[in-house]
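Below is one structure, written out as structure tokens; comments come after it.
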2 protein chains.
Amino acid sequence: MIRLEDVARAAGVSKSTASRALSRPDLVAAGTREKVQRLAAEMGLSLNPAARALFTGRTGTVAMVVPSLTNPYFGPILAGAQRELSASGGHALISSASDGDREVELAASLLGHADGVLLVTPRAPEERLRELATRIPLAVIDRPVPELPAYVADTPRGVGLLAAHLLELGHRRIGYVGGPDGSSLDRLRIDAAQDRVRTAGGRLDVVGSESPDLDTGLRLAAHWPFDDDVTAVVAYSSYIALGLLIGLRERGVEVPGRMSVAAVDHLAAVGGNGSGPLLTALRVPLEELGRAAAAALVGSTPAPAEVTRIGTELLLGRSTGAPAPRSPRGT
Amino acid sequence: MIRLEDVARAAGVSKSTASRALSRPDLVAAGTREKVQRLAAEMGLSLNPAARALFTGRTGTVAMVVPSLTNPYFGPILAGAQRELSASGGHALISSASDGDREVELAASLLGHADGVLLVTPRAPEERLRELATRIPLAVIDRPVPELPAYVADTPRGVGLLAAHLLELGHRRIGYVGGPDGSSLDRLRIDAAQDRVRTAGGRLDVVGSESPDLDTGLRLAAHWPFDDDVTAVVAYSSYIALGLLIGLRERGVEVPGRMSVAAVDHLAAVGGNGSGPLLTALRVPLEELGRAAAAALVGSTPAPAEVTRIGTELLLGRSTGAPAPRSPRGT
DNA sequence: TTGAAAGCGCTAACAG
DNA sequence: CTGTTAGCGCTTTCAA
């Protein structure tokens, strides 16, 4: 590995001048500058990041902590953050934490390794997160933590749109498949949906704490957890929704004929061959979430310690339709 | 951030003794050792990784380069590698490279940041990869590169199993949906399937270069690319297979009644409620791939420069069955 | 505009 | 068993 000193010697200048020619070009004579830069490129100089970090105290790296690397929901978030980081010459450290304690522990252990930590849907108590933030720059994704820079997809608002759509189609009894207990965002979503549905004189039945898999959807379709008069279901995960769609159809329940299905993310809501996407869902700007949070962490100005909400968009697909008539009079 | 010197002072010893008490405890008197260790813990000492790396030349970090962070196929691989790394106190750097050039460029730029690089399904020419390996320790996942430590899922063998299964059910005309051009593994898979199918007097029809999405499957179901006498399809991605399953059923083609569908990975092959998994597929040990490759990179002994094949397992699901009779005599 | 020198925090020879 | 010392490669005062 070729060092600054090698280039300096080749250029016939001192280390200091070589260093300046690269990091503060305006401080050296044009001729010297160009010679050093050319040689650096030719010789393939790569400044030792450790030495650099030791002096500057900055690593150029941001760490991302996610609950799980296998959950496809986090992929786009990581991708967005990673793209933003490499655009500014930085790198992304990544790790997964099984629970809130491990999250905080991990983030703290990252102190000298990264300039900041991006916590994605962290589960530690707010107080611990705020305490952590006093030790290392923090940004949070998909959890609104007061007094911390947080970036959340405004899915509560989006679920309102979803509920409105279903109500407009005529549904009054709607099921909701919720996420892990203690997800503050899921609670907000449920509240938002409740509001709309109740206002319209309907009822929302909630089952909770389901994991975001196809499997969950298939299982729920097989062991139906809702009352028989439920005519539409919203799942917080599009994989659950897809599982429901497949499972219901396998059991002879037409979707959307007898049951409408919708999802709170758009990961599996694909396929618009003229007939519209497969699933009615919320388009959630996951990459943008990651990008914004990463930008907040690497930006020269400290990130504002406030919650930033990013809007979602209703994606009308062919998994929702008018409810089947209650008594088989029509058709 | 509290430094070694602070702890040394508090313990009334020199920096060197404090350093030794932590990294080579056997070289220090029991009393001193315990005092230093206790104080280090109490004061929350965290050794500066940059200083450490500057001296030792090792960062304790391994970089992983994947083609895409949004493709769910890579999640489990990353998870396996990351788990292995953190088990040995290391960290994982992550980035995605859009093409072969960028891959090599990226890996080279990682030189001082990571002790080694894990390339997942890299697309650069073998020669460039071998050249890269002379500059930084390398391990490759899911591409057999001679003279490099490579860990590949033996899906060619697995596809043979899949083909045998379909042939045994009575299928003779089988479709195959292949991946991006130039994937050496996919070529091997196609060859393996061809072999089996031809030997049994059947024919394999291949369409290629499809991206691994649900969407692709839906599209193919809508614009059927195979001859009408094809009675079974194998897709290299389970998301494509799932899309096919949904799309075909939506068009009234029963699966597996009129068309059998199978996949070369098990990501979407879920749901065994007594009736078996939704999809017939190959269980591919993705986490194990990541784990093994990461272990090779951090192990004290250099990784063997050879291809290690990891077996797959046939997962019989309810998306495959006997072909429908050609002429509608029976039933 | 440039060079000499100090030092970031740590570890490992080398004496004692 | 422990302390002193030097130095990893870089950046930045401080003088020239």
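Quick note: numbers below take in every heavy atom, side chains included, and nothing from hydrogens, waters or symmetry partners. Labels below follow one simple rule: chain letters A, B, ... track the order of the sequence lines, proteins then strands, and each chain is numbered from 1.
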Protein proximity profile, nucleotides 10-16 of chain D - base contact B, sugar-phosphate-only contact S, no contact -, cut-off 4.0 Å on heavy atoms: BBBB---
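Contact check for A:Val66 versus A:Ile77: no side-chain heavy atoms found under the 4.5 Å cut-off. The closest side-chain heavy-atom distance from A:Asp142 to A:Tyr73 is below 4.5 Å. Considering only heavy atoms from C-beta on, B:Leu129 comes within 4.5 Å of B:Arg143 through its side chain.
Salt-bridge formation is detected for the pair A:Asp6/A:Arg3: a Lys NZ or Arg NE/NH1/NH2 atom is positioned less than 4.0 Å from an Asp or Glu carboxylate oxygen. With respect to the salt-bridge test (charged N to carboxylate O, under 4.0 angstrom), the residues B:Arg128 and B:Glu131 do not qualify. The residues B:Glu84 and B:Arg291 are annotated as salt-bridged, a charged nitrogen and a carboxylate oxygen being separated by less than 4.0 angstrom.
The distance between atom CD of A:Glu34 and atom P of C:dT1, rounded to the nearest whole Å, is 14 Å. In this structure, the CE atom of B:Met1 is 14 Å from the P atom of C:dC8, given to the nearest Å. For the pair B:Arg33 CZ and D:dC1 C1', the interatomic distance rounds to 11 Å; values are reported in whole Å. We find that CG of A:Asp6 is positioned 9 Å from P of D:dG9, with the value rounded to whole Å. Following rounding to the nearest Å, A:Leu22 (CG) and D:dG9 (P) show an atom-to-atom distance of 17 Å.
Sorted by first and then second residue, the side-chain hydrogen bond (donor to acceptor under 3.5 Å, both in side chains) pairs involving residues 17-28 of chain B (not counting sequence neighbours) are B:Ser14-B:Thr17.
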Side chain to side chain contact (heavy atoms under 4.5 Å, CB included) between B:His91 and B:Leu85, worked out: CA-CA 6 Å; B:His91 294 279; B:Leu85 291 175; over 6 Å; no
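Comparing B:Gly12 and A:Ala50 along DNA chain D, the residue whose closest nucleotide (by nearest heavy atom) sits nearer the 5' end is B:Gly12. Where B:Val28 and B:Leu54 each meet DNA chain D at their nearest nucleotide, the meeting point lying more 5' is that of B:Val28.
Axis angle, first five pairs versus last five pairs of the helix from C:dT1-D:dA16 to C:dG16-D:dC1: 40°, rounded to 10°.
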